[in-house]
Amino acid sequence: MAKPVTVYVCSACGAQTRQFFGRCSGCGSWNTLVEQLQAAGAATDARRRRPVSVEPRAQPRARRSEPIQTVGERPLQRLASGYGELDRVLGGGLVPGSLVLLGGDPGIGKSTLLLQSARAMAGRASVLYVSAEESAQQVKLRWRRLARMEEADGDAEPAAAGAGAAGDFQLLAETDLELVLQELEALRPAVAIIDSIQALHDAELASAPGSVAQVRECAAALARIAKRQDTALLLVGHVTKEGMLAGPKVLEHLVDAVLTFEGDRFASHRLLRAVKNRFGATHELGVFEMRDRGLAEVSNPSELFLGGSEPSSGTATIVACEGTRPLVVELQALVSTTSYASPRRSATGIAVNRLHQILAVLEKHLGLPLSRFDCYLAVAGGLEVEEPAADLGVAAAVVASYRDLTLPPGTVLVGELGLGGQLRPVGQLELRLQEAARLGFTRAVVPRGTGLAKAAAGLGLQLHEAGTVAEAMVAALGVNPADDRA
Ligand code: TYD
Ligand code: MG
């Protein structure tokens with residue numbers, strides 16, 4: 001067989017060269033040349049160049065499109081992954097023939113999650129696990145370790161149901177794409193797991209495993225077979241230094257769902273999110289905890305993000321929403337006199353720009369001289385809160401720390417802060433209040449006009465509605481923080 005010819009294609013302008021350059025000679029962009037097999041490109045070019053008029057018009061060819069009314073609807077037969085938390089993020093389970101990319105930092109627990117899930121699924125469907133990073137021996141060791149968890153607390157783990165026996169689980173430790181494809185065609189499994197896509201290697205490409213060209217070719221070849229034989233394909237992808245999934249845009253448009261697995265390396269909980277999902281909602285959150293014998297599901301995540309400590313000055317509790325999932329989260333602020341020319345501001349778990357903005361609003365509308373103070377803010381439990389609904393909680397934590405006040409116990413705050421100091425309504429408020437009430441909170445400070453006073457009373461929550469941040473602070477702290485201006 002002749003060696004296939006590869007070309008370098010600029011991902012910005014599409015110019016092709018035979019040789020690799022750091023800079024595209026067509027558009028001048030740096031580092032945009034990506035190696036590609038020429039065969040595929042040449043074929044499409046030839047097709048495109050064929051003159052349209054040569055097509056014989058006399059014989060009508062068979063119709064390939066059809067009216068949408070007659071398109072058959074096949075109900076999605078989802079396969080339960082064995083984990084409620086994973087199913088929730090997938091939108092209700094794994095869809096046959098779908099392509100799912102699971103991204104995350106190395107060591108976060110991607111292999112553990114998928115191996116555990118594969119164990120659970122193997123009792124009900126055929127599973128092929130391709131380990132391109134670890135040897136078969138290593139996977140077996142992990143398998144044993146996970147089995148011990150199921151033995152230890154079998155009935156506590158719903159995932160363990162039916163997974164005691166190995167079921168139909170095939171393991172292949174291989175990095176050569178060709179052999180993986182052959183195995184996939186021979187076994188035609190219901191589920192195939194590729195751990196990881198970066199470690200697979202297409203011998204026809206000269207570039208190194210893990211390069212954009214390799215990742216793209218390997219994923220595309222696997223996807224073609226998987227779609228054809230209705231295999232659900234789970235690809236593991238590492239996050240690169242730049243924080244993107246390697247071969248970032250290339251893989252994201254190819255797959256049906258992109259899940260990210262994240263967490264603090266110093267904390268045991270792990271968060272699973274859907275960034276893209278063709279078969280379900282995005283922004284759903286799954287919560288796991290890494291134990292010494294594998295990942296356990298956390299069905300009450302709010303308890304994880306509550307500090308659990310005695311109320312102290314500078315702490316405030318908010319109810320954040322991840323997808324349809326409310327999470328009660330504790331915020332801590334520390335405000336202290338600065339010894340720098342420009343005060344220090346640092347935020348963990350919240351965008352620092354958001355903190356700057358809230359400090360400016362407090363300075364302007366409450367008259368607090370915060371520009372002379374350092375301000376540190378942290379979200380307990382290592383969670384990232386992106387929602388503006390956290391604003392009011394941040395403001396309360398900052399003001400409480402500045403005035404050395406403790407918020408009355410059992411208080412939660414929800415609300416977005418406008419630049420004019422007004423409170424803006426937030427979505428899913430009732431859901432948030434329900435979660436707060438479930439965890440024993442008794443007071444909630446929220447934006448005005450919710451119409452939820454009755455519902456809150458039914459939940460045992462005292463509802464304080466406020467129109468501005470100043471009103472909200474008075475409601476939350478019981479005193480006017482602007483009273484004796486420093
Ligand atoms: P791993 O699944 O290998 O991560 P990834 O595939 O994302 O690179 O898991 C990595 C870490 O998890 C590893 O440092 C050990 C830890 N771990 C546990 O704490 N308990 C366990 O039962 C297992 C299997 C792993
Ligand atoms: Mg791994």
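Both backbone and side-chain heavy atoms feed into the values below; hydrogens, waters and symmetry mates do not. Ligands are counted one by one from 1 in listed order, and the atoms in each one are counted from 1 as well. The shown structure was predicted, so the numbers you read here are calculated from the model rather than taken from an experiment.
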Inset, instruction - Using 2.8 Å as a strict upper limit, say whether an N, O or S atom of Ser111 approaches the Mg ion (ligand 2) that closely. - result: yes
Inset, instruction - Show the protein residues that qualify under the rule heavy atom under 4.0 Å from an atom of ligand 1, listing them in chain and number order. - result: Asp105, Pro106, Gly107, Ile108, Gly109, Lys110, Ser111, Thr112, Arg142, Arg145, Met290, Arg291, Asp292, Arg293, Gly294
Inset, instruction - Please indicate whether Glu386 has more than 12 foreign heavy atoms, meaning atoms of other residues, nucleotides or ligands, lying under 6.0 Å from its CD. - result: no
Inset, instruction - Flag the pair Glu435 and Arg438 as a salt bridge only when some basic side-chain nitrogen lies within less than 4.0 angstrom of an acidic carboxylate oxygen. - result: yes
Inset, instruction - Output all residues satisfying salt bridge (charged side-chain N to carboxylate O under 4.0 Å, His left out) with Asp230, sequence neighbours left out; order by chain, then residue number. - result: Arg74
Inset, instruction - Go through the steps to decide whether Leu234 and Leu102 satisfy the test side-chain contact (heavy atoms from CB on, under 4.5 Å), and finish with yes or no. - result: CA-CA 7 Å; Leu234 289 156; Leu102 174 66; 6.0 Å; no
Legend entry - Arg273 side chain to Thr260 side chain, donor-acceptor N/O pair below 3.5 angstrom: no
Inset, instruction - Give a yes or no on whether Lys140 atom NZ has more than 12 heavy-atom contacts from other residues, nucleotides or ligands under 6.0 Å away. - result: no
